[in-house]
Amino acid sequence: MEASFELTLQMVIAVVAGIGAQVVAEYLKVPSIVFLLLFGIVLGADGIGLLHPHSLGPGLEVIVALSTAVILFEGGFNLELRELGKVSGSLRNLVTLGTAITLVGAGMAAHWLSEFPWTIAFLYASLVVVTGPTVISPLLKLVKVERQVATLLEGEGVLIDPVGAILAVVILDTILNGETDPVRAISGLILRLGIGGGIGAIGGWLFGLMFKRGNFLSDELKNLVVLAGVWGLFTLAQLVRSESGLMATVVAGIVLRASSVPEERLLRRFKGQLTILGVSVLFILLSADLSLASILALGWGSLLTVLVLMFVIRPLNVGICTWNSDLNWRQKLFLCWIAPRGIVSASVASLFSIFLTERGINGGDSIKALVFLTIILTVVCQGLTAAWVASWLQITSTEATGAVIVGCNPLSVLIARLFKERGEPVVMIDTDPVAAQQAEAENIRVIVRSALDRGVLEEAELTSLGTFLAMTNNGEVNFVLAQRAAEEFSPPRVLAVFPRNPEANNATGNPKVQQAFVSDLPLKTWNEYLKDGRVKLGTTTLTEQEFSFQQAHLQALMRAEEIVPLFLEREDRFLIAPATTEDWQPSDRIIYILHDPRPNLLKRLSGDRNATRLNMEKLSKVEEVPIPPL
């Protein structure tokens, strides 16, 4: 077999296996790294022997370097600066003081428990100070925790990766060159961070300028220009000072995000897809090159080292770094539990193993084995139990209440009023000051600006509320607003009023966006009914015995456009009713509006078309329906 085809085959196997692992993980709703590690080990030398990463030679280092640059840029680009400001003190402590605590603690554990020499022990410790966005971000997409906790975990993962990688290089350089001067080591660390940060800041500013003024470029070409630019910044920083490239890519992503570029959503999607591909290929290749025998040869001392890292050092780290923060004990406990190691630890450990072996220094294989043991235990234990722990601690964002409603009209104001009467926070957004007066008359907070502006949604505090509802008079605008809210803020529930079949829409659009109330809601018609006082507000509770009949009866009234379900009240949760009724359950309380065609003669004669305040009641047209005999 030709050498070129052998390399092609290796890369194709890695890509197919990596994407296959992502598909399986997505289907089973578990962190993808679990299956990436499993598939890689099975395909590697200790498995069926189909994948041999060492055959790539120096190409493996190139793949690792370029993929890691894109991964960290995407992590920096996804950081929410507004949210970071709320946890800046804790985040600063975790990246600085926390790094020192983990370095010292893990080094002592590796020396005393794994019996590593001090130099090798601290080299291992420098490799595991990082957590990594490649594991944290997919995990937080599956486990919806409170935004403050998610932001702190994401920020720590992104910012500590380059710090840990540079720290590891400084320690490796000390081992290889026999340099023990701590002043020189610390100055080298600061110099690399400064050079990388400076180059990244300039590059990110230039990216933002290109997006705003390069109108002659298509969106697709702009994305590719950024990709080429990221690799260019990484290489330039590496040329100026070795191992400063990672910091440059992170800072470039942060600065570009702060520039508020108009095509941000398309760029984020493009970079997200590249990151998934890079993470998939890297984990498959690196885990395929792992020797299970080297892990088993570590003994019980190394297992104890990892357990001490998880159950002693991490809680100590979080406890000290968040001592004076606003986090409650539940949030701190979750932070203590979640610290999985990711691709930066794996890739740098693999490279260091090669460097140490080439220089004739013992311990390279042991470090790589212990790092992968750390990755496996933290990912499997913490990743698979994160959802259960978050639910037990009651910090999941799916329990978030309140709503942001775009569009001020009689029906949306009624919905906002019902939220407010439940004691849930609600914010309305509209560009029309006259329409906003309807909401202000109900003492509802209104922002008179465009919801297409990301800053407006941030001002409305969408990140802390449970529902986003777009119900302006333009269905197309509603759908676009809901898509952007789902992609950029990920609230637990995203709904919109739009004239499309929800099944067809989900096949082509964002599946997180649900159609609200009923299909093809005639919003203008119902607003007129409300203005004329030809609407009643009703409630009915679905029972176990009559559930099927009640559901069929309500569906018939909905098709006849006589009622519109507004809310489902389930287990003390107040949920906007989606257009599909398949999710209805016995014991659900349905709150709806009923069209009452009887004209209000006195109001019409007087010319007063203002709606009276609706009170909730059980309506005979819906409630008092005879059950047909069996």
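Since the structure is predicted, the reported quantities are computational estimates derived from the model, not experimental observations. Along the sequence shown, residues carry numbers from 1.
Interatomic distance, W323 CH2 to S90 OG, rounded to the nearest 0.5 Å: 13.0 Å. From T357, atom OG1 reaches atom CG of D365 across 5.0 Å, with rounding to the nearest 0.5 Å. With rounding to the nearest 0.5 angstrom, the CZ atom of R314 is 6.5 Å from the CG atom of L335. In this structure, D161 CG and T68 OG1 are separated by 8.5 Å, a value rounded to the nearest 0.5 Å. Between atom CG of residue L316 and atom CD1 of residue I101 there is a gap of 5.5 Å, rounded to the nearest 0.5 Å. Distance check: L298 CG to L304 CG gives 12.0 Å after rounding to the nearest 0.5 Å.
Between the side chains of Q22 and E26, no donor-acceptor pair of N or O atoms lies under 3.5 Å. In this structure, a donor-acceptor pair under 3.5 Å is absent between the side chains of S114 and Y124.
Side-chain N or O atoms of T385 include one that pairs as donor or acceptor with a backbone N or O of C381 at under 3.5 Å. In this structure, the side chain of D289 does not engage the main chain of P53 through any donor-acceptor pair within 3.5 Å. Panel note: side chain S244, backbone A237; a donor-acceptor pair is recorded below 3.5 Å. For the pair R330 (side chain) and L393 (backbone), a donor-acceptor distance under 3.5 Å is present. At distances below 3.5 Å, not a single donor-acceptor pair connects side-chain atoms of Q331 with backbone N or O atoms of V149.
Relative ring orientation between H111 and W118 is described as parallel, the plane-to-plane angle staying below 30° on a 0-90° scale split at 30° and 60°. The aromatic rings of H54 and H52 lie perpendicular to each other, with more than 60° between the two planes, well past the 30° mark.
For E61, the CD atom is densely surrounded, since the number of other residues' heavy atoms within 6.0 Å is greater than 12.
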- Can L256 and L267 be said to form a side chain to side chain contact (heavy atoms under 4.5 Å, CB included), step by step? CA-CA 11 Å; L256 180 58; L267 178 61; 3.6 Å; yes

- Evaluate the side chain to side chain contact (heavy atoms under 4.5 Å, CB included) criterion for residues S294 and K368: first the C-alpha distance (whole Å), next the side-chain angles of each, then the deciding distance (0.1 Å), finally the verdict. CA-CA 9 Å; S294 63; K368 179 181 176 181; over 6 Å; no

- Task: Take V306 and L370 through the side chain to side chain contact (heavy atoms under 4.5 Å, CB included) test and state the conclusion after the steps.
- Result: CA-CA 8 Å; V306 179; L370 185 53; 4.1 Å; yes

- Begin with the C-alpha distance, continue with both residues' side-chain angles, and end with the deciding distance and a verdict on side chain to side chain contact (heavy atoms under 4.5 Å, CB included) for F73 and L233. CA-CA 11 Å; F73 173 81; L233 291 175; over 6 Å; no

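For an aromatic pair to be called close, the ring centres must be under 6.0 Å apart, and F311 with W337 satisfies this.
Taking each heavy atom of G18 and L36 in turn, the nearest pair found is O-CD2, 3.6 Å.
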